[in-house]
Protein chains: 2
Amino acid sequence: MGTGSAAFLLAQVGAYAARKFDERLGELELTPPQAGLLRAIAMQPGRSQQAIAEQLGTAPTRLVALVDGLERRGAIQRRRNPDDRRLHALFLTEGGQQLMRSIGQVAMAHGADLTAALDDSERAQLQRLLLRIAEDKKLAAGVHPGFGSI
Amino acid sequence: MGTGSAAFLLAQVGAYAARKFDERLGELELTPPQAGLLRAIAMQPGRSQQAIAEQLGTAPTRLVALVDGLERRGAIQRRRNPDDRRLHALFLTEGGQQLMRSIGQVAMAHGADLTAALDDSERAQLQRLLLRIAEDKKLAAGVHPGFGSI
DNA sequence: TATTGTTATACTCTATAACTATA
DNA sequence: TATAGTTATAGAGTATAACAATA
């Protein structure tokens, strides 16, 4: 296996990054899937639950409970499309946008802590190399692995 | 959040690496926790289930079913310590050692595929940077995140 | 009484399949 | 009949607590 191979380290450090980010999200009383959903809505508001489920690579049924929770909390809204009343378009509320800003701050602090051992040029280099892999593997830009199937 | 921040990309690419490795382990009919346990035993045979659970950062109860499965399969053995018959020392069998070699091959192919977009010097650079982070964060060397708590 | 491992129980998360309402 | 979303059911995985054997 090679204790320190790049792939092994990637899985190891990546899991650590995800876990720590999860912990920090906990301070906002959010789970990674919730944050991923908020982010997906923020990227392109007004889409149906199906469209978002497809982007996130998950089954539409899984969104229901997530949407319920975030709606109860006042972070997002379902709005029925008057032209086709089967569709629920999803939007962030004011509070939801504020929440996204908080997530952004948390992510920033997380990123700084995670790469604290690197200087600026090393951090940029790491980012470049990871981006090359992400593009090669066609990982959807901006879709955090809070959803299992990426 | 910064769509392409180093931390975000790390979680994203790391999750992809873990998932792909999981798929490849499937060819050997192994799960990530099983592979992690085999590896832990291979690193230092003869330890008790408790000692291994502690290294893996998991509850000892979780090992029971894993050890059962791998023992039924003939990959590992429980041996009672005659001096303290409460302890079950764990060892790899011949077949278990062969299985570890297969895992090594699978991991090698996995690593080559994952970093296919990089040349040798870039791969080495990535490895160096990740290792710096792993050391900074005191991630246990050689413990794959098949176990949630790393 | 303390410790190792096991068993039993419950809980979380997710996937799958039926159902409803709209079209 | 087909589609969007919901609800119901079941399954995997894991954590917690009670238990038995040994010290």
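In what follows, chains carry the letters A, B, and so on, assigned in the order in which the sequence lines appear, proteins first and then strands, with residues in each chain numbered from 1. Note: hydrogens, waters and symmetry copies are ignored here, and every other heavy atom, side chains too, is used.
- Around atom CD of A:E23, more than 12 heavy atoms belonging to other residues, nucleotides or ligands sit under 6.0 Å away.
- Comparing A:P82 and B:Q50 by the nucleotide of DNA chain C whose heavy atom lies nearest to each, the residue mapping closer to the 5' end is B:Q50.
- The side chain of B:H88 approaches C:dT6 more closely than any other nucleotide in the set D:dA23, C:dA23, C:dT6.
- At a cut-off of 3.5 angstrom, counting only N and O atoms as typed in the model, there is no donor on one side facing an acceptor on the other between the side-chain of B:R62 and the base of D:dT14.
- Counting atom types as modelled, A:R85 pairs no side-chain N or O with a base atom of C:dT22 as donor and acceptor under 3.5 Å.
- Remark: C1' of D:dG5 and CG of A:L90 are 11 Å apart, rounded to the nearest angstrom.
- Contact annotation: B:Q49 side-chain N/O to C:dG5 OP1/OP2 distance is not under 4.0 Å.
- Each of A:V64 and A:R86 was matched to the nucleotide of DNA chain D holding its nearest heavy atom; the match closer to the 5' end belongs to A:R86.
- Counting any heavy atom pair closer than 4.0 Å across all strands shown, A:R78 reaches sugar-phosphate atoms only and no base atom.
- With respect to B:R123 and B:D120, a salt bridge is recorded, a charged nitrogen being found less than 4.0 Å from a carboxylate O.
- Here D:dT3 presents its C1' atom at 8 Å from CG of A:D84, a figure rounded to the nearest Å.
- To the nearest angstrom, P of C:dT4 lies 15 Å from CG of B:D83.
- A:L66 has its CG atom 15 Å from the P atom of C:dT12, to the nearest Å.
- For B:Q98, the CD atom sits in a packed shell: over 12 heavy atoms of surrounding residues, nucleotides or ligands are nearer than 6.0 Å.
- Taking atom CG on A:N81 and atom C1' on C:dT22, their separation rounds to 12 Å, with Å as the unit.
- B:R80 places no side-chain N or O within 3.5 Å of a backbone atom of B:H88 that could act as its donor or acceptor partner.
- Note on B:T61: a base of the nucleic acid sits closer than 4.0 angstrom, heavy atoms only.
- The side chain of B:T58 sits closest to D:dA15 out of D:dA15, D:dG5, C:dG5.
- Remark: C1' of D:dG5 and CD of A:E54 are 16 Å apart, rounded to the nearest angstrom.
- Under the 3.5 Å distance criterion, the side-chain polar atoms of A:R47 are left unmatched by any main-chain donor or acceptor of A:I52.
- Look at CG on A:L87: it is 10 Å from P on C:dA23, rounded to the nearest Å.
- Rounded to whole Å, the distance from CG on B:L56 to P on D:dT14 is 12 Å.
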